[in-house]
**Q** 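Sharing a structure, written as structure tokens. Questions coming.
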Amino acid sequence: MFLIYFDEVKHDPPAQEAQLFGGIAVKHTDAQDIEDQMNELAEKYFGSKVLSKDTEFHARDIAQGKGNCKGRGGEERVEMLEGLLDILGKSTVSKIYARMTPSKVHFPTDPERDTFMFFVEKAEAFLESRSDIGMLFGDYDHKMITPSITNLSQYRIGTTSWALGRKIERLVDTVHFAHSHHSRLVQLADIYVYCKQYAKPPSSSYWRTRFHDAIRGKSGSLWPSKYRDYPMY
């Protein structure tokens with residue numbers, strides 16, 4: 001069985017033109033090893049392996065020097081992010097993402113619902129390619145819990161909602177949610193989805209450029225097994 005942990009970047013124009021769901025897929029037998037590697041990083045940077053908000057890896061805080069990264073130097077935060085990207089690049093960590101740019105879609109759409117549907121389809125395709133089953137685990141978002149559970153249930157009973165909808169058969173049970181500070185693997189999904197959309201603006205600061213270059217230097221760690229960009233232009 002694969003455990004698939006996901007997070008999202010919400011469509012919020014003009015700052016964020018696309019809706020993105022991204023996730024990591026880890027074989028259940030490999031999950032503890034990945035968690036152990038992240039715990040080692042937590043002890044290195046935060047002084048403890050215990051799960052809490054004080055030891056959470058949150059991509060935005062790492063990049064912006066906020067939260068439990070407040071007061072940490074830029075180079076230390078870049079090093080922290082590179083360590084997490086190294087874990088993302090392990091052969092035991094597969095990546096899946098779906099992205100929609102609503103301004104390029106010429107029909108009514110609900111960006112969050114429809115991008116989640118693309119993500120579910122790609123998760124199903126990934127599991128089919130591995131001849132296995134899987135379960136979905138998301139970062140706790142009160143507004144998303146009921147819709148995502150309902151939508152996945154509908155896709156499993158019927159198909160996804162496109163004209164050529166896909167039957168979802170390999171994702172079992174429901175969508176499970178956890179606060180990110182309670183799960184290292186949800187935190188790793190957050191790192192993945194954040195880095196997939198991290199862009200350097202034309203008038204970038206030195207440290208924004210530095211983080212951009214660090215992510216680009218580890219771009220192989222972000223390469224997905226399955227993905228969908230919609231539309232494709």
Side-chain angles (χ1 to χ4, degrees), residues 5-18 20-24 26 30-95 97 99 137-141 178-224:
Y5 297 83
F6 69 91
D7 201 354
E8 69 173 316
V9 174
K10 293 182 183 293
H11 176 235
D12 183 26
Q16 178 61 38
E17 292 292 344
L20 176 66
F21 278 92
I24 61 168
V26 178
D30 295 321
Q32 186 61 59
D33 180 59
I34 299 301
E35 183 178 5
D36 288 345
Q37 292 177 52
M38 294 191 68
N39 281 337
E40 291 297 329
L41 282 183
E43 186 169 50
K44 176 180 178 180
Y45 291 107
F46 304 123
S48 174
K49 297 179 181 180
V50 176
L51 283 166
S52 71
K53 288 186 177 181
D54 291 335
T55 67
E56 177 182 4
F57 293 108
H58 193 274
R60 187 180 298 274
D61 288 345
I62 296 171
Q64 297 181 359
K66 296 181 178 180
N68 59 6
C69 289
K70 186 175 182 179
R72 295 179 182 271
E75 286 299 340
E76 182 183 24
R77 291 184 285 113
V78 169
E79 181 188 80
M80 185 188 303
L81 183 63
E82 288 177 333
L84 291 161
L85 287 168
D86 284 340
I87 296 174
L88 267 175
K90 299 287 185 181
S91 60
T92 52
V93 182
S94 299
K95 278 75 66 177
Y97 85 84
R99 175 166 43 207
F137 299 84
D139 189 4
Y140 191 93
D141 181 341
H179 291 288
S180 58
H181 59 277
H182 292 159
S183 170
R184 293 289 182 215
L185 296 173
V186 169
Q187 292 169 35
L188 196 59
D190 167 77
I191 299 297
Y192 176 61
V193 74
Y194 185 85
C195 289
K196 282 296 292 183
Q197 58 83 47
Y198 192 90
K200 180 178 65 174
S203 57
S204 181
S205 70
Y206 170 80
W207 283 112
R208 188 167 181 84
T209 302
R210 182 75 178 85
F211 273 96
H212 174 272
D213 291 345
I215 293 168
R216 185 175 60 182
K218 301 280 187 180
S219 60
S221 295
L222 304 177
W223 189 253

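For reference, positions follow the sequence shown, starting with 1.
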**Q** Between OG of Ser205 and CZ of Phe211, what distance do you get to the nearest 0.5 Å?
**A** 9.5 Å
**Q** With a 4.5 Å cut-off on side-chain heavy atoms, are Gln16 and Val9 touching?
**A**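 Yes; the side chains approach each other to less than 4.5 Å.
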**Q** Rounded to the nearest 0.5 Å, what's the gap from CG on Leu188 to NZ on Lys95? Could you check?
**A**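 Reported to 0.5 Å precision, the distance equals 8.5 Å.
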**Q** To the nearest 0.5 Å, what is the distance between CG (Asp30) and CD (Gln37)?
**A**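 Here the rounded value is 10.0 Å.
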**Q** Take Arg210 and Asp213 through the test salt bridge (charged side-chain N to carboxylate O under 4.0 Å, His left out) and record every step on the way to the result.
**A** CA-CA 5 Å; Arg210 182 75 178 85; Asp213 291 345; over 6 Å; no
**Q** Taking side chain as C-beta onward, heavy atoms only, is Val78 less than 4.5 Å from Ile62?
**A** no
**Q** Between Ser180 (side chain only) and Gln187 (backbone N and O only), is there a donor and an acceptor less than 3.5 Å apart?
**A**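 Between the backbone of Gln187 and the side chain of Ser180 there is no qualifying donor-acceptor contact (under 3.5 Å).
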**Q** Between Leu84 and Cys195, does the side chain to side chain contact (heavy atoms under 4.5 Å, CB included) criterion hold? Intermediate values first, please.
**A** CA-CA 11 Å; Leu84 291 161; Cys195 289; over 6 Å; no
**Q** Considering residues, nucleotides and ligands other than Lys49, do more than 12 of their heavy atoms fall under 6.0 Å from its NZ?
**A** yes
**Q** Decide yes or no for Glu56 and Asp61: does some side-chain heavy atom of the first lie under 4.5 Å from some side-chain heavy atom of the second?
**A** no
**Q** Output yes when a side-chain donor or acceptor of Gln64 lies under 3.5 Å from a complementary backbone atom of Lys66, and no otherwise.
**A**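 Between the backbone of Lys66 and the side chain of Gln64 there is no qualifying donor-acceptor contact (under 3.5 Å).
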**Q** Hey, what's the ring geometry for Tyr198 with Tyr194, parallel, tilted or perpendicular (30° and 60° as the breaks)?
**A** tilted
**Q** Against Tyr5, only a single residue in Phe21, Tyr192, Phe137 fulfils ring-ring contact (aromatic ring centres under 6.0 Å, His included); can you say which?
**A** Phe137
**Q** Does Arg184 form a side chain to side chain contact (heavy atoms under 4.5 Å, CB included) with Ile34? I'd like the steps, not just the answer.
**A** CA-CA 8 Å; Arg184 293 289 182 215; Ile34 299 301; over 6 Å; no
**Q** Run the salt-bridge test on Glu79 and Lys44 with the 4.0 Å N-O cut-off and return the result as yes or no.
**A**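 Yes, Glu79 and Lys44 are salt-bridged.
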**Q** Keeping the roles fixed (side chain from Asp190, backbone from Ala59), state whether a donor-acceptor pair exists under 3.5 Å.
**A**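 Flag set: sc Asp190 to bb Ala59 pair under 3.5 Å.
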**Q** What do the steps show when you test Leu20 against Val193 for side chain to side chain contact (heavy atoms under 4.5 Å, CB included), and what is the final call?
**A** CA-CA 7 Å; Leu20 176 66; Val193 74; 3.6 Å; yes
**Q** Please check if any side-chain donor atom of Glu43 sits under 3.5 Å from a side-chain acceptor atom of Asn39, or the reverse.
**A** no
**Q** Measure the CG-CE distance between Asp36 and Met38 for me, rounded to the nearest 0.5 Å.
**A**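 Taking CG in Asp36 and CE in Met38, the distance rounds to 11.5 Å.
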**Q** To the nearest 0.5 Å, tell me how far His58 NE2 sits from Cys69 SG.
**A**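 Here the rounded value is 10.5 Å.
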**Q** So, for Tyr206 and Glu75, which heavy atoms are closest and what is the spacing to 0.1 Å?
**A**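 Minimum heavy-atom contact is OH-OE2, 4.3 Å.
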**Q** Using a 4.5 Å cut-off on heavy atoms from C-beta on, say whether the side chain of Leu41 contacts that of Met80.
**A**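 Result no, sub-4.5 Å side-chain heavy-atom pair not found.
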**Q** Any idea which heavy atoms bring Leu81 and Ile215 closest together, and the distance?
**A**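 Reported closest heavy-atom pair: CD2-CG1, 3.8 Å.
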**Q** Does the side chain of Ile24 reach to within under 4.5 Å of the side chain of Leu88, using non-hydrogen atoms?
**A**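 The answer is yes, as the side chains (C-beta and beyond) meet within the 4.5 Å cut-off.
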**Q** State the CG-NZ distance between Asp7 and Lys196, to the nearest 0.5 angstrom.
**A**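 If we round to the nearest 0.5 Å, Asp7:CG and Lys196:NZ are 15.0 Å apart.
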**Q** For Lys218 and Gly89, indicate whether the former's side chain and the latter's backbone hold a donor-acceptor pair under 3.5 Å.
**A** no
**Q** Are Phe46 and Phe57 an aromatic pair by the rule of ring centers under 6.0 Å?
**A** yes
**Q** Contact between Lys53 and Asn68 at the side-chain level, heavy atoms closer than 4.5 Å - yes or no?
**A** no
**Q** Between the side chain of Arg72 and the main-chain N/O of Tyr45, is any donor-acceptor distance below 3.5 Å?
**A**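 At least one qualifying donor-acceptor pair exists.
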**Q** In terms of side-chain geometry, is the basic nitrogen of Lys10 or Glu8 positioned less than 4.0 Å from the acidic oxygen of its partner?
**A**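 Glu8 and Lys10: salt-bridged.
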**Q** Do side-chain atoms of Arg77 reach the backbone of Ala63 as a donor and acceptor pair under 3.5 angstrom?
**A** yes
